[in-house]
Protein chains: 4
Amino acid sequence: MRDLEARDRILAATLKMLGELGYTRLTIGGIAIEAGVGKATIYRSWPNKAALTLDAVRTQLPDIPVDDVGDSRQEVFAVADTLAALYGSPKVRLVLPALVSDAAADPELGRRLREELIQDRKRQSATVLQRAVDRGHMPKDTDISTVLDMWAGLMLFRSLFFDLTFDDRAIRNLVAATLDSPPRVTEGPEAD
Amino acid sequence: MRDLEARDRILAATLKMLGELGYTRLTIGGIAIEAGVGKATIYRSWPNKAALTLDAVRTQLPDIPVDDVGDSRQEVFAVADTLAALYGSPKVRLVLPALVSDAAADPELGRRLREELIQDRKRQSATVLQRAVDRGHMPKDTDISTVLDMWAGLMLFRSLFFDLTFDDRAIRNLVAATLDSPPRVTEGPEAD
Amino acid sequence: MRDLEARDRILAATLKMLGELGYTRLTIGGIAIEAGVGKATIYRSWPNKAALTLDAVRTQLPDIPVDDVGDSRQEVFAVADTLAALYGSPKVRLVLPALVSDAAADPELGRRLREELIQDRKRQSATVLQRAVDRGHMPKDTDISTVLDMWAGLMLFRSLFFDLTFDDRAIRNLVAATLDSPPRVTEGPEAD
Amino acid sequence: MRDLEARDRILAATLKMLGELGYTRLTIGGIAIEAGVGKATIYRSWPNKAALTLDAVRTQLPDIPVDDVGDSRQEVFAVADTLAALYGSPKVRLVLPALVSDAAADPELGRRLREELIQDRKRQSATVLQRAVDRGHMPKDTDISTVLDMWAGLMLFRSLFFDLTFDDRAIRNLVAATLDSPPRVTEGPEAD
DNA sequence: AAGTAAACGAGACGGTACGTCGTGTCTTCCG
DNA sequence: CGGAAGACACGACGTACCGTCTCGTTTACTT
């Protein structure tokens, strides 16, 4: 770990200690020692623990597979698999609630959280679903945003409150049911 | 506020300061002063800020309407309305993520959170949906647990990440869509 | 200990715990439990820990032998022995400094300390020395007050700072030297 | 007071508040505020109130004049004057009993108290008296340790219990009497 | 003998200080 | 001369006692 740049050592130390201690018992001082770095070096790059943790965890998260492989069914399953891995990941379970909580008093953190963690991936997922709609695999009036929020919400909810993650079969059922009869766009309110 | 029992003064002060400061800036010492109480009096009844806040917020949450009013459609809409009020309430948005975060290092808190906040209401909601199934308003193989987690997940997800709560029309759409074609029980894993 | 009056149980518990814990770690609550008594019962009889401890220790202290046994030499030795036992006693070593310290902010305690512990015994001792003067065993202008303060001061000083108490031989030397050539009354300031 | 190092600000604040409040009402938190310092900064240098107060008071105490001025009578008077100033000083009266009391449960404090406050000055005083003996101003078998303990004990005793300090005349009498006929070394036990 | 009041044990209470820990800033000093 | 090391002001933590107070219960006195 000695040869890495300070920034990488800090992020690595953050992830290591996050796993060992959880978010609450994580301390900037502890990370500095673990990374062999002065505290000031950390504060030069991040304003607080939340921002640092956000960056550290972000590096660990899978990207949504958006490539066109010709088969929309296959593409949508891949997206759902990735979302399940994302919202079911131990790191997310440890960190996301804490960041959401801190974001209540830190608008910039809230913005980054929504934009860089959630929206970014939601937009990518949406392109895949839109392609499915375009190809006629889903109804023209499918409410893509609601489909994605419902999937994410269900996965996160079960991960947080029931320690359950989605296995292949559960994902297959969920996606299959949604493809069959997804929520439709109505004149009701629409997210995002 | 002077004549109330200490316990009630503490819970009231907790809710008041929670609204003013948010969870992170909430302090036991501050609550003690606001409630006109010694810190030790708080610690005599609650082991930490999380447990206190859980109790304080719990008193504010609506109960699920489980009464049989003859019309399952109406009953289910009432349940969904209440769930939306629950998961969309400002107090829950402020507190739930923090409690989930703290629960990672506090099993007893986790247990109370799941049991007293989530499961309790999920069980009550399930009785109403089960009645709808029994009456033939929903398919016999409806996966009630998934329906409820999906509703709750969607509501909570939108409340936390998009500051959106569900209005009447959105609830009506969601429930209508679900009653029409709910997720079915399969041989896949089943939550709870 | 059950049948004793509350007051006696309290004093006994105080002495017991004083020996076990020292003055600083002595607590009213602890004494109350040890004595099987409510705290209020203690506060009904004593205003604070210092007053209680003063009373408790006072019961343990030897009285100055003032009886006329015909032989002043013997009487003075007896007085000196008793003073040595008094100022060298472990209880006094534990308690006297603390009481003197507390007395700085508690005039009534100071008064009782001086009057009931110190002056009382000094007066009794003085009668014996005065008798020795009257009998011609000591010079007519002997400064009795200074003799007694010097003895007490020396004994207490060595007890507090050197853990030394006076044995028979040391007392014999001290008294013999003083009888031979005691400090005399001068036009200088005179204590008490 | 702003430009001084933290350590000096703390010691100054301690002395100031000691004078205003006395030892018992002195608090670490209060000193920290007065010194414009965090509590942790105090605890980094001193383990408790007693150790801090000991250091603060120690800086205020006069040193024993040990210089050889040719005239032992004059030297001894100077020593006695200084001892009287030492044991009669208001700070010592406020602090010494409390420190002695705390020392019962804090061996390290006891050691420092005896060594740095008492013994140190006793040793210096002893060199002056020894010089007087060597010069023939006092008998060869003078028990110097007892002379010094007797002086200190008398001064402290009167200071603590009678609010009396020694003025020039009293010191002159005391020293003169001792020089004439001091306590002698015997085969009895000898302090220190 | 029953009724009443005082004294009592138990311990909750408001409050103050404790000693520890983490934050985010600032200084020192080493490589 | 840039960065590690860590001192620093600040403020919250959770604990321990203080001295006051309210509870029931027992005890002893009155009627």
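Below, read A as the first sequence line, B as the second, and so on, with proteins coming before strands; counting in each chain starts at 1. We use all heavy atoms of the structure for the numbers below, so side chains are in, but hydrogens, waters and symmetry mates are not.
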Heavy-atom distance under 4.5 Å between the side chains of B:R114 and A:D163, does that happen here? yes
Heavy-atom contacts under 4.0 Å between residues 98-105 of chain D and DNA chain F, which residues? none
Just so I know, are the side chains of D:L117 and D:L61 near enough to count as touching, which here means a heavy-atom distance under 4.5 Å? yes
Checking the side chain of C:T41 only, and the main-chain atoms of C:V37 only, is there a donor and an acceptor separated by less than 3.5 Å? no
Stepwise side chain to side chain contact (heavy atoms under 4.5 Å, CB included) test for A:T27 and A:L21: CA-CA 9 Å; A:T27 67; A:L21 303 175; over 6 Å; no
Quick one: does D:R93's side chain have a donor or acceptor within less than 3.5 Å of a partner on D:L160's backbone?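 No, D:R93 side chain to D:L160 backbone: no donor-acceptor pair under 3.5 Å.
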Reading nucleotides 15-25 of chain E from the 5' end, what letters show protein touch, with B for base, S for backbone sugar-phosphate only, - for no heavy atom under 4.0 Å? B-SBBBBSBBB
Quick one: are D:L156 and D:L96 in side-chain contact, heavy atoms under 4.5 Å?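 Yes; the side chains approach each other to less than 4.5 Å.
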Would you say the side chain of D:I10 lies within less than 4.5 Å of the side chain of D:S45, judging by non-hydrogen atoms? no
So does B:L26 get a backbone contact from the side chain of B:K49, meaning a donor-acceptor N/O pair under 3.5 Å? yes
Tell me if a side-chain donor or acceptor on C:T59 pairs with a main-chain N or O of C:A56 at a distance below 3.5 Å. yes
Between E:dG9 atom C1' and C:I42 atom CD1, what is the distance in whole Å? 12 Å
For C:R9 and E:dG9, is the shortest distance between a side-chain N/O and OP1 or OP2 below 4.0 Å?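 Result: yes.
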Along DNA chain F, first and last positions that approach a heavy atom of chain C under 4.0 Å: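 Going 5' to 3' along DNA chain F, contacts run F:dC17 to F:dC21.
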Decide whether a cation-pi geometry holds between C:K91 and C:Y23; the criteria are a distance under 6.0 Å from NZ or CZ to the six-membered ring centre and an angle within 45° of the ring axis. no
